[in-house]
A.B. asks: 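So that we are looking at the same thing, I have put the structure below in structure tokens.
For the single chain, residues carry numbers from 1 onward in sequence order. Heavy atoms only: backbone and side chains are in, while hydrogens, waters and symmetry mates are out.
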Amino acid sequence: MRKKTLSAAALCAATVLGVAGLSATPAVAAEPAPKPKSDFNGDGYADLAVGVPGAAVGGKAKAGYVNVVWGGKKGLGGHGSTTVSQGTAGVPGTVEKDDGFGYAVSSGDMNGDGFTDIVVGTPGEDNTAGASAGTLTVLWGAKSGIKGGFTAANGRYAGNQIGGLVTTGDYDGDGDRDIALSTRNDESAAMETRPGPFTAGSPATLQRVDSWHFSGPRAVTSGDFDADGRDDLAVTYGGMEIAGTAVYATGSAGAWKQTWRAGDTATSLATGDFDGDGTADLALGEVRPNPEAEEGDEGFCAERVGGAIATVYGKSGTTLGGAVSCTNQDTPRVDGNAEAEDNFGAALAVGDLDREDGDELIAGASAEAVGSDKAAGAYWILESTGTGKELYGSGVNQTSPGVPGAAEAGDRFGAAIAVDDYNGDTYPDSAVAAPGENASTGGVWYGTPKDRPSPQVSVTPRTLNLPTATLYGAVLAH
């Protein structure tokens with residue numbers, strides 16, 4: 001089926017209906033300006049960390065690096081970037097072929113000095129324990145930029161592949177930020193944590209959260225789902241014999257326990273307060289039921305053609321005890337038509353884009369066709385009208401007003417998304433990847449979606465002078 005393409009007028013009208021609403025009620029005062037989540041040099045502007053694990057470094061194919069695109073008054077692309085690899089001074093490790101440094105990246109102030117740091121998972125790293133044991137590295141933020149690094153953990157045996165997924169939070173409530181990471185062990189996989197602090201001589205012992213036989217984690221996110229002041233860990237997992245999504249929390253004794261579970265699995269997860277009630281909600285992107293579910297059990301979403309997003313709302317006094325809504329491209333007031341293999345919701349990010357009435361959910365569908373161009377890709381800005389309600393909103397692709405470039409087959413626009421205030425105007429901005437752009441060298445589109453449709457800027461390996469980059473933007477730190 002040919003995808004419907006919105007005209008500029010229709011897109012503007014959709015924006016007015018979807019964001020401003022139908023009534024003429026007075027505007028709600030904006031919430032206080034949030035502090036940037038990823039400010040690696042402490043200048044007050046958010047920066048973007050891009051993992052480029054397939055890039056050559058020093059002639060070593062697929063050694064990988066992390067590229068930091070600096071924010072500032074001009075936003076992303078106007079203030080240059082810095083490339084950090086295992087060959088950078090002060091960064092532990094050695095540049096080697098197929099390491100894939102930057103395979104997974106996350107951000108957080110890991111040593112409490114006020115500068116955001118970058119956590120890098122490199123599951124393909126070889127060490128004395130064996131091939132693909134993996135390593136976990138923290139790159140230190142500093143006023144001068146990225147200043148060296150720290151080995152947070154090393155794989156314990158060949159094939160351990162630590163760090164394929166990473167996220168950060170204070171899970172034990174001791175004031176130190178911790179890292180949650182995926183690991184492997186023969187025919188099973190696990191989520192573990194490396195507790196802080198991250199200082200010389202601190203124990204690099206990993207603590208098991210949960211493990212799955214013939215299965216493993218697909219996506220993770222952190223959030224305080226039970227409002228106890230400690231971060232919890234949400235994991236969606238799947239494999240040959242078991243699938244589902246669960247939330248884990250630590251009790252007073254520090255042991256992990258499962259506090260919520262659903263049989264549905266997903267490709268992506270994101271947490272935010274979408275209905276503005278003060279509790280954390282969980283979005284499951286490209287959700288689907290457990291393959292072992294009983295016949296007739298459709299899980300959260302009965303309509304899943306092209307991908308669907310299940311939003312599990314929070315409820316005071318419990319973990320994710322609210323209603324569940326389901327959103328896809330056939331949902332009223334959502335642009336597009338649901339078609340097979342669109343992968344709607346396969347990438348998710350969260351931000352209070354208008355600083356009113358709760359968070360918005362930014363959802364990518366990199367396999368979305370635009371006209372006759374397959375997998376050109378698109379993303380949507382979605383919001384909720386209240387607990388249990390379907391999300392709604394408008395879509396953006398490279399034919400939309402103000403978006404540079406052209407929608408082309410295989411661009412995969414919307415494959416990864418990050419949200420932060422990159423230009424310091426106090427409103428969160430979007431960074432949307434198209435790793436298939438320009439013969440798969442890739443790129444990231446930076447914009448200010450609160451005024452959508454608004455002019456955007458493309459940040460590419462060519463504009464950043466990154467000659468060895470490939471699939472740039474496929475890995476973005478949140």
Side-chain angles (χ1 to χ4, degrees), residues 3 5 47-71 74-85 100-103 105 341-343 346-347 349 362 364-380 395-419 422 429-449 453-477:
K3 304 300 287 188
T5 302
D47 311 305
L48 180 68
V50 182
V52 195
V57 178
K60 305 291 186 180
K62 299 181 181 179
Y65 59 73
V66 174
N67 180 241
V68 178
V69 186
W70 301 110
K74 298 178 182 178
L76 298 178
H79 305 274
S81 73
T82 297
T83 296
V84 184
S85 74
F101 185 77
Y103 184 90
V105 287
E341 299 181 358
D342 279 350
N343 75 7
I362 300 86
S366 62
E368 172 86 359
V370 178
S372 61
D373 293 315
K374 296 182 178 180
Y379 71 94
W380 284 255
V396 179
N397 60 49
Q398 287 191 74
T399 69
S400 300
V403 179
E408 300 168 314
D411 279 351
R412 295 177 55 215
F413 187 62
I417 307 168
V419 174
Y422 303 110
D429 312 305
S430 63
V432 180
E437 180 81 10
N438 295 333
S440 294
T441 57
V444 173
W445 272 247
Y446 151 75
T448 308
S454 63
Q456 297 189 12
V457 174
S458 60
V459 180
T460 68
R462 181 183 61 81
T463 61
L464 296 173
N465 192 27
L466 302 173
T468 67
T470 180
L471 301 176
Y472 186 87
V475 181
L476 301 180

A.B. asks: Working to the nearest 0.5 angstrom, can you tell me the gap between Asn438 CG and Glu408 CD?
C.D. replies: 7.5 Å
A.B. asks: Give a yes or no answer on whether the side chain of Thr468 reaches the backbone of Ala56 with a donor-acceptor pair at less than 3.5 Å.
C.D. replies: yes
A.B. asks: Between atom OG of Ser366 and atom CG of Asn343, what is the distance when rounded to the nearest 0.5 Å?
C.D. replies: 4.0 Å
A.B. asks: For the pair Tyr65 and Leu466, evaluate side chain to side chain contact (heavy atoms under 4.5 Å, CB included) and give the outcome as yes or no after the intermediate values.
C.D. replies: CA-CA 11 Å; Tyr65 59 73; Leu466 302 173; 3.6 Å; yes
A.B. asks: Between Val69 and Tyr446, does the side chain to side chain contact (heavy atoms under 4.5 Å, CB included) criterion hold? Intermediate values first, please.
C.D. replies: CA-CA 11 Å; Val69 186; Tyr446 151 75; over 6 Å; no
A.B. asks: Once rounded to the nearest 0.5 Å, what's the spacing between atom OG of Ser458 and atom CZ of Phe413?
C.D. replies: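 Between Ser458 OG and Phe413 CZ, I get 10.0 Å after rounding to 0.5 Å.
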A.B. asks: Indicate the atoms forming the closest heavy-atom contact of Tyr472 with Val52, along with that distance.
C.D. replies: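 Minimum heavy-atom contact is CD1-CG2, 3.9 Å.
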A.B. asks: Could you tell me the separation between the CD atom of Gln456 and the CG atom of Leu76, rounded to the nearest 0.5 Å?
C.D. replies: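 Going from CD on Gln456 over to CG on Leu76, the span is 11.0 Å.
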A.B. asks: Indicate the atoms forming the closest heavy-atom contact of Ser85 with Gly64, along with that distance.
C.D. replies: CB-O, 3.8 Å
A.B. asks: For a quick test of reading the model, state the closest non-hydrogen atom pair linking Ala474 to Ala416 and the distance between them.
C.D. replies: O-CB, 3.7 Å
A.B. asks: Show the nearest heavy-atom pair for residues Pro461 and Gly442, with the distance to one decimal.
C.D. replies: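 So the two residues come closest at CD-O, 3.2 Å.
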A.B. asks: Counting C-beta onward and ignoring hydrogens, is there a side-chain heavy-atom pair between Tyr103 and Val475 closer than 4.5 Å?
C.D. replies: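 No; the side chains remain at least 4.5 Å from each other.
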A.B. asks: Just do the side chain to side chain contact (heavy atoms under 4.5 Å, CB included) check on Thr470 and Thr441 with the steps written out, would you?
C.D. replies: CA-CA 4 Å; Thr470 180; Thr441 57; over 6 Å; no
A.B. asks: Using the rule given for side chain to side chain contact (heavy atoms under 4.5 Å, CB included), can you reason through Thr399 versus Val370, listing the C-alpha separation, both sets of side-chain angles and the distance that settles it, and then say yes or no?
C.D. replies: CA-CA 8 Å; Thr399 69; Val370 178; 3.9 Å; yes
A.B. asks: Working to the nearest 0.5 angstrom, can you tell me the gap between Trp380 CH2 and Asn397 CG?
C.D. replies: 8.0 Å
A.B. asks: Ignoring hydrogens and angles, state whether a donor on the side chain of Gln398 or Asp411 is under 3.5 Å from an acceptor on the partner side chain.
C.D. replies: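 There is such a pair (donor and acceptor under 3.5 Å, judged by atom type) between the side chains of Gln398 and Asp411.
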A.B. asks: Just verifying a value: how many Å separate Leu464 CG and Asn67 CG, rounded to the nearest 0.5 Å?
C.D. replies: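 The CG atom of Asn67 is 5.5 Å from CG of Leu464, to the nearest 0.5 Å.
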A.B. asks: So, do Pro467 and Asn465 sit near enough that their side-chain heavy atoms are less than 4.5 Å apart?
C.D. replies: yes
A.B. asks: Tell me the closest heavy-atom pair linking Ala55 and Ala469, and the distance in Å.
C.D. replies: CB-CA, 4.3 Å
A.B. asks: Identify the heavy atoms of Ala431 and Leu48 that sit nearest to each other, and give their distance.
C.D. replies: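 Distance-wise, the nearest heavy atoms are CB-CD2, 4.0 Å.
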